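Everything numeric here is computed off the predicted structure, so don't read it as measured data.
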Amino acid sequence: YLFQRDKACNVCSATWAQLMKFTPIAGLDHPTDAARFGQSVVFVPETDTSTALAIIGSPGYNHESGKVYIFHYDHTQGSWAMLDSLADSNWNHDGDRRGRFGSSLHVDGDTLLVGSPGYSNGKGAVYVFRRSQNGKHFFASQAIYGPSDIEEGDNFGHSLSLSENKAVICAPYKSVAIVQVISSDRILTPNAGACHVYSRRNEASSFLFDEQLTPSNILPRDRFGWD
């Protein structure tokens, strides 16, 4: 649901009014309980060169293969309309059940990150989409499959964040090695979780792995990086 805040006067209290109800039907799909339409949502405000966007994830779509719907405000019609839909088909993963594409979303500028934590038996992946111009469609740019030590069930891409040319992508079920203060032995801590920092030179370049983040006092099943 999309609500807008309105203030009738300077001394009046602001009120919220519903403007739009988004559903899979508007995205030309039949709604189902299992689709989890709306589990992740990103709203992109209107700018001088781009209309407002509502980007909505549906990670349960098609047996948890997942899908992302993009709606835009059409000024010619004076209403919201379907602009595009995204899936992982560009990487030949279309129909990969339980990938949960669209579980997490983040937009910054013309770059959209889409998390697919169920990909490859839960190893996880994050997909990068870019717009060549403001207001145009998003196109597939890069797939990030995590560092080399990602294992099945780690759920890389469960949560993520993007700021300009830096991205943080988390795997809350990852088991991490910690150093014991007394013995200096490295102990593998199950399901402790970890986040991973990626960077790129500019919007036209690819994200590369920088480092892994884990707190010093991590415990088993902490699921660091859940959100």
Side-chain angles (χ1 to χ4, degrees), residues 1 33-44 54-69 86-88 93 96-108 111-129 142-180 186-200 207-227:
Y1 297 86
D33 292 340
R36 299 203 298 277
F37 179 87
Q39 177 172 313
S40 56
V41 177
V42 171
F43 181 79
V44 183
I55 305 176
I56 303 173
S58 181
Y61 172 80
N62 189 23
H63 305 284
E64 295 191 335
S65 61
K67 189 173 184 178
V68 170
Y69 300 83
L86 305 175
D88 56 4
H93 302 156
D96 179 25
R97 295 188 177 186
R98 301 192 182 280
R100 304 199 304 279
F101 177 89
S103 291
S104 54
L105 301 169
H106 205 284
V107 173
D108 188 67
T111 302
L112 166 66
L113 299 185
V114 180
S116 180
Y119 168 74
S120 188
N121 293 320
K123 281 188 174 182
V126 170
Y127 302 98
V128 183
F129 295 85
Q142 180 187 0
I144 305 173
Y145 297 110
S148 58
D149 61 346
I150 284 290
E151 298 181 351
E152 292 183 359
D154 285 352
N155 278 217
F156 177 81
H158 176 88
S159 61
L160 47 82
S161 184
L162 172 66
S163 179
E164 295 184 347
N165 295 319
K166 289 284 187 180
V168 178
I169 304 171
C170 298
Y173 290 99
K174 185 179 182 182
S175 297
V176 298
I178 60 172
V179 177
Q180 299 294 314
R186 294 181 66 83
I187 306 298
L188 195 65
T189 307
N191 301 141
C195 292
H196 308 87
V197 181
Y198 287 79
S199 64
R200 61 183 179 181
F207 284 97
L208 299 176
F209 176 69
D210 282 342
E211 62 178 316
Q212 175 174 289
L213 305 177
T214 53
S216 59
N217 59 343
I218 197 75
L219 296 174
R221 293 174 293 280
D222 270 357
R223 297 192 289 275
F224 174 75
W226 181 266
D227 197 6

Can you tell me how far [atom2] of [Y] sits from [atom1] of [X], rounded to the nearest 0.5 angstrom?
X: L162; Y: H106; atom1: CG; atom2: NE2; answer: 6.5 Å
X: Q39; Y: R100; atom1: CD; atom2: CZ; answer: 8.0 Å
X: T111; Y: N165; atom1: OG1; atom2: CG; answer: 7.5 Å
X: Y119; Y: I150; atom1: OH; atom2: CD1; answer: 13.0 Å
X: L86; Y: L112; atom1: CG; atom2: CG; answer: 6.5 Å

| field | Qualifying residues under salt bridge (Lys or Arg N to Asp or Glu O under 4.0 Å), relative to R200, sequence neighbours excluded | value |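 Once residues adjacent in sequence are excluded, R200 has no partner under the salt bridge (Lys or Arg N to Asp or Glu O under 4.0 Å) criterion.
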Heavy-atom closest contact ([X] atom, [Y] atom, distance):
X: T214; Y: A194; result: CG2-CB, 3.6 Å
X: V168; Y: C195; result: CG1-CB, 3.9 Å
X: G102; Y: P59; result: O-CD, 4.0 Å
X: S116; Y: G99; result: OG-O, 2.7 Å

| task | Find out whether D88 and Y127 are in side-chain contact, i.e. whether some heavy atom of one side chain is under 4.5 Å from a heavy atom of the other. | result |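 D88 vs Y127: side chains touch.
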| Less than 4.5 Å apart, any side-chain heavy atom of L105 and any of V41? |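 Side-chain contact under 4.5 Å: no.
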Table please: side-chain donor-acceptor pairs of residues 169-177 below 3.5 Å, with sequence neighbours left out.
| from | atom 1 | to | atom 2 | distance (Å) |
| --- | --- | --- | --- | --- |
| K174 | NZ | D149 | OD1 | 3.1 |
| K174 | NZ | D149 | OD2 | 3.1 |
| K174 | NZ | H196 | NE2 | 3.3 |
| K174 | NZ | Q212 | OE1 | 2.4 |
| S175 | OG | N191 | N | 3.3 |

| query | Where do I55 and V44 land on the side-chain contact (heavy atoms from CB on, under 4.5 Å) test, with the steps shown first? | reply | CA-CA 8 Å; I55 305 176; V44 183; 4.3 Å; yes
| task | Could you go through the side-chain contact (heavy atoms from CB on, under 4.5 Å) check for Y69 and S58 one step at a time? | result | CA-CA 8 Å; Y69 300 83; S58 181; 3.7 Å; yes
| Given the rule in the ring pair (Phe, Tyr, Trp, His ring centres under 6.0 Å) test, do Y145 and F156 qualify, once you have shown the distances and angles that lead to the verdict? | CA-CA 8 Å; Y145 297 110; F156 177 81; 8.9 Å; no
| query | Can you name the side-chain contact (heavy atoms from CB on, under 4.5 Å) partners of Q142, sequence neighbours left out? | reply |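 Partners of Q142 by the side-chain contact (heavy atoms from CB on, under 4.5 Å) criterion, ordered by chain and then number, come out as V128, I144, S206, F207.
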| task | Please list, chain by chain and in numerical order, all residues satisfying side-chain contact (heavy atoms from CB on, under 4.5 Å) with S104, sequence neighbours excluded. | result |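 side-chain contact (heavy atoms from CB on, under 4.5 Å) check on S104 returns L160.
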| How would you list, by chain and number, every residue that makes a ring pair (Phe, Tyr, Trp, His ring centres under 6.0 Å) with Y61, sequence neighbours excluded? |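 Y61: no ring pair (Phe, Tyr, Trp, His ring centres under 6.0 Å) contacts found.
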| Quick one: ring pair (Phe, Tyr, Trp, His ring centres under 6.0 Å) partners of F209, sequence neighbours excluded? |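 By the ring pair (Phe, Tyr, Trp, His ring centres under 6.0 Å) rule, F209 matches Y198.
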| Polar side chain donor-acceptor pair, N121 to R98, under 3.5 angstrom |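 Result is no, nothing qualifies.
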| task | Could you pull out all residues at least two apart from S199 that satisfy side chain to side chain donor-acceptor pair (under 3.5 Å)? | result |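 Here the qualifying residues are D210.
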| query | What residue pairs, at least two apart or across chains, pass salt bridge (Lys or Arg N to Asp or Glu O under 4.0 Å) with a residue in residues 153-162? | reply |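 Those involving residues 153-162 do not exist here.
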| message | Quick check against the 3.5 Å criterion: does S103 have a side-chain atom that pairs as donor or acceptor with the backbone of H158? | response |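 Not at all, since once roles are kept as given, no pair shorter than 3.5 Å links the two residues.
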Atom pairs and distances, side-chain donor-acceptor, residues 218-227, under 3.5 Å, sequence neighbours left out:
| from | atom 1 | to | atom 2 | distance (Å) |
| --- | --- | --- | --- | --- |
| D222 | OD2 | L219 | N | 2.8 |

| request: Might you confirm whether atom CD of E152 has over 12 heavy atoms from other residues, nucleotides or ligands at distances under 6.0 Å? | output: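 Yes, enclosed.
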